Structures are given as structure tokens and as C-alpha cells.
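Here is the structure we will look at.
Here is how names work: the chains are called A, B, and so on, in the same order as the sequence lines, proteins then strands, and each is numbered from 1. Only a predicted model underlies this, so the values are computations on that prediction, with no experimental measurement involved.
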There are 2 protein chains.
Amino acid sequence: MDVPPPRSRAQRKADTLERLRTDVDLWIASADAAGDVHLVPLSFVWDGTALTIATPRSSPTARNLLRAGEARVALGPTRDVVLVDGAVDELPIGTDPELEDAHAAATGFDPRTLAEEYTYLRVTPKMIRAWREANELEGRLLMRDGRWLD
Amino acid sequence: MDVPPPRSRAQRKADTLERLRTDVDLWIASADAAGDVHLVPLSFVWDGTALTIATPRSSPTARNLLRAGEARVALGPTRDVVLVDGAVDELPIGTDPELEDAHAAATGFDPRTLAEEYTYLRVTPKMIRAWREANELEGRLLMRDGRWLD
């Protein structure tokens with residue numbers, strides 16, 4: 001297999017921001033207080049600062065994330081990974097109509113139209129890692145404590 | 001967007017088995033006893049019964065999975081999902097050389113050659129769900145209690 005040389009940190013940051021802006025789906029892992037884990041794909045919107053998802057308020061993902069206050073999210077395929085650890089804030093429907101419109105436009109899905117009670121969860125990145133193949137494991141850390149590394 | 005009609009259960013099972021046989025990577029979620037979650041991509045091999053991954057014995061994934069005895073695994077892209085919940089068994093290096101050879105052949109990665117102590121973790125599916133778009137959420141359950149549904 002012909003693996004390209006590792007990207008620079010600046011290139012990885014640019015690629016990561018492009019993925020945040022243009023990808024529609026992510027994987028989100030969560031766990032309950034007993035350490036039982038959950039993993040599902042969800043659609044999201046990136047507003048320049050945070051990723052916002054919508055999920056039924058009674059779903060395991062919502063319950064787990066609101067309990068933990070933290071999320072682990074993955075974007076991209078397994079050979080072009082962006083991993084985000086972030087803080088979770090809840091925005092019940094009606095809190096931020098502009099963000100809710102942006103979510104509906106980005107995902108093609110508007111939970112405000114449903115009978116089931118959904119809620120918005122906003123994940124603000126604290127740590128971001130990005131790599132493609134094993135030769136990019138070194139240097140994969142792009143953001144720490146919410147700040148992009150130089 | 002033009003979404004095809006939902007696949008039959010038989011078709012989903014066939015597609016799922018094909019993915020298990022031919023995919024190289026999966027996403028694996030795990031959590032510690034405090035409910036802190038972890039999510040990483042790993043390569044795997046399917047032996048007809050279980051998925052086997054290899055990871056450093058001291059990694060969060062190994063520690064979490066051995067603690068919990070259960071794993072949540074995702075194969076495929078977010079619009080062609082196979083979700084597997086399974087029981088985790090550890091096979092330290094040397095336990096099953098045939099499986100170790102199969103893992104190296106499938107993944108292109110042989111942890112037996114490394115200085116760092118790796119271990120093999122075998123995930124035997126108990127529950128499998130598969131769906132593409134929202135119209136396939138109904139009927140996504142393909143296996144329950146380790147048995148394929150008819």
C-alpha cells in the first residue's frame with residue numbers, strides 16, 4: 001500500500017476545519033454511570049465554534065451525554081479520522097432558533113416538526129486529534145484545552 | 001435526495017456478512033467504570049463467528065473492554081451502518097496462532113512483531129443492527145441474543 005507522507009499540522013487543521021464545515025454525519029460515543037457504552041451515527045452542524053446534534057431527550061445518547069457533560073465524537077472514515085473530545089451543553093428546542101435553522105439546513109432533518117421530544121446538544125471541542133494512516137499517529141494532536149496548537 | 005426503498009432482512013443479513021468478511025476497519029467504543037467514554041478506529045478480522053482486534057494491553061480500549069466484558073462496535077460509513085454489541089474475550093498472544101495469522105493477513109498489521117505488549121480481543125456478537133437511511137430504522141435488528149432473526 002502506498003501511504004503518502006504525513007501532513008503538516010497546518011494542513012491537518014485546514015483539513016479538519018473543512019470536514020467540520022462540510023461533513024453531515026458523525027459518530028458519537030457515550031456511556032452511563034455504570035460504564036455501559038453507546039455508539040450511534042448522528043447528523044450535525046458546525047457553527048465555527050461547536051458541533052450541534054439533535055436527539056430524542058429520552059435516548060441513551062442524550063441521557064448519557066447530559067450525565068457526563070462530555071462527549072467523544074468521530075468524523076470521517078477510519079483512514080481519515082477526526083476525533084473530538086468536547087464539553088456538552090443542552091439547548092432545549094426554542095433556545096436558539098438561528099442554530100436550529102442552521103441544523104435543519106445542514107442535516108436535512110428538523111426535530112422541531114416531530115411529536116417526540118428532541119433536544120439539541122452542543123459539543124464544544126476541548127481536544128481534537130486527526131490522522132490518516134499509522135505514519136500520522138505522531139503529531140495527531142491539533143487542539144488541547146480548547147486551543148489550536150501552533 | 002433519492003432514498004432507495006428499505007432492504008429486506010435477508011438482504012441486510014447478506015450485506016452485513018459481506019461487510020464483516022471484507023471490511024478492514026471498525027469503530028470501537030468503550031468506557032471505564034466511571035462512565036468516561038473512549039472511541040477509536042481499529043482493524044479487525046472476522047472468522048465467521050467473531051471479530052478479533054489487537055490493541056496494546058495498556059490502552060484505554062483494552063482496559064475498558066476487559067473491565068466491561070462487552071463492546072459496542074460500528075462498521076461501515078454513517079449511511080450504511082452495522083452496529084454490533086458483543087461479548088469480549090481476551091486471547092493473549094500465543095493463544096491462537098491461526099487466528100493471529102489471519103488477523104495479520106486481514107489487517108496488514110502484526111502486533112507479534114512489536115516490542116509493546118499487545119493483546120487480542122475477540123468480540124462475539126450478541127446483537128446486530130444494520131441500516132442505511134431513516135427509512136431502514138424499522139427492521140434494523142438482525143441478531144438478538146446471538147441468534148440471527150428469521
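Counting heavy-atom pairs closer than 4.5 Å to chain A, the top-ranked of the candidates Ala68(B), Pro77(B), Ser30(B) is Ser30(B). Annotation: maximal heavy-atom pairing with chain A below 4.5 Å, among Ala134(B), Ala74(B), Ala71(B), occurs at Ala74(B).
Looking only at distances, a side-chain donor or acceptor of Arg140(A) sits under 3.5 Å from a matching main-chain atom of Leu137(A). Put simply, the side chain of Arg12(A) never gets that close to the backbone of Arg9(A): no donor and acceptor are under 3.5 Å apart.
The side chain to side chain donor-acceptor pair (under 3.5 Å) contacts involving residues 81-96 of chain A comprise Arg57(A)-Glu90(A), Arg72(A)-Asp85(A), Asp85(A)-Arg129(A), Glu90(A)-Thr119(A), where partners must be two or more places apart or lie in separate chains.
The local environment of CZ in Arg144(A) is sparse, with at most 12 non-hydrogen atoms from other residues, nucleotides or ligands closer than 6.0 Å.
Under a hydrophobic-cluster definition in which Ile, Leu, Val, Met, Phe, Trp and Tyr are linked whenever side-chain heavy atoms come within less than 4.5 Å, directly or via other members, Val88(B) and Val82(B) are assigned to the same cluster.
Between His103(A) and Tyr120(A), the ring-plane angle classifies as perpendicular under the 30° and 60° cut-offs.
The contact list for residues 31-52 of chain A toward chain B, using heavy atoms and a distance under 4.5 Å, reads Ala31(A), Asp32(A), Ala33(A), Ala34(A), Gly35(A), Val37(A), His38(A), Leu39(A), Val40(A), Pro41(A), Ser43(A) by residue number.
Looking only at side-chain heavy atoms (C-beta outward), Leu83(B) and Trp131(B) come within less than 4.5 Å of each other.
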